[in-house]
Amino acid sequence: EVQLVESGGGLVQAGGSLRLSCAASGFSFEDYAIGWFRQAPGKEREGVSCTSSSDGSTNYADFVKGRFTISTDNAKNTVSLQMNSLTPEDTAVYYCAARPGAPIDYSASLNRYEYDYWGQGTQVTVSS
């Protein structure tokens, strides 16, 4: 059974940092794509960052470029999202999603419909 468990959310002041982690289990951590998404109240779920083991690619939404960094620890089956210079606009529930068995040369995608499994989400609140 595939499981994704997010952690690391919380309350932080504007300009601060948080590090989210997604612990994955139930699938091979050799061929996968993992994405981070977020959803603010009343808004659509949007892609934040993603990574693919198939071609080693990473991708970032324009609104987080230069502030967020995605990284992978294959030994721990964990994908992390380091978030710096947070603003109140970053307030949302953050989800990780997985696409196990991604095909060869699959490039990381921010399209939520390309992911098969989702975690329960972790709340990030940035105060002004």
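We use all heavy atoms of the structure for the numbers below, so side chains are in, but hydrogens, waters and symmetry mates are not.
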Legend entry - Any pair counted as disulfide (SG to SG under 2.5 Å), so long as it reaches residues 60-89, sequence neighbours left out: none
Legend entry - Contact summary for V126 and T87, nearest pair of heavy atoms: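 Answer, listing the atom of V126 first, then T87: CB-O, 3.3 Å.
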Inset, instruction - Mind listing the closest non-hydrogen atom pair of S80 and R19 along with its distance? - result: CB-NH2, 3.6 Å
Legend entry - Set of residues satisfying ring pair (Phe, Tyr, Trp, His ring centres under 6.0 Å) with respect to Y115, sequence neighbours excluded: F37
Legend entry - Y95 and W118 aromatic ring geometry - parallel, tilted or perpendicular at 30°/60° bounds: perpendicular
Test item: [X] side-chain N/O and [Y] main-chain N/O as donor-acceptor pair under 3.5 Å:
X	Y	answer
T91	E89	no
T78	A23	no
E6	S21	no

Do we see a donor-acceptor contact under 3.5 Å between the side chains of [X] and [Y]?
X	Y	value
E114	Y106	yes
S57	D55	yes
N74	Y32	yes

Inset, instruction - Using side chain to side chain donor-acceptor pair (under 3.5 Å) as the criterion, list what pairs up with D116, not counting sequence neighbours. - result: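 Once residues adjacent in sequence are excluded, D116 has no partner under the side chain to side chain donor-acceptor pair (under 3.5 Å) criterion.
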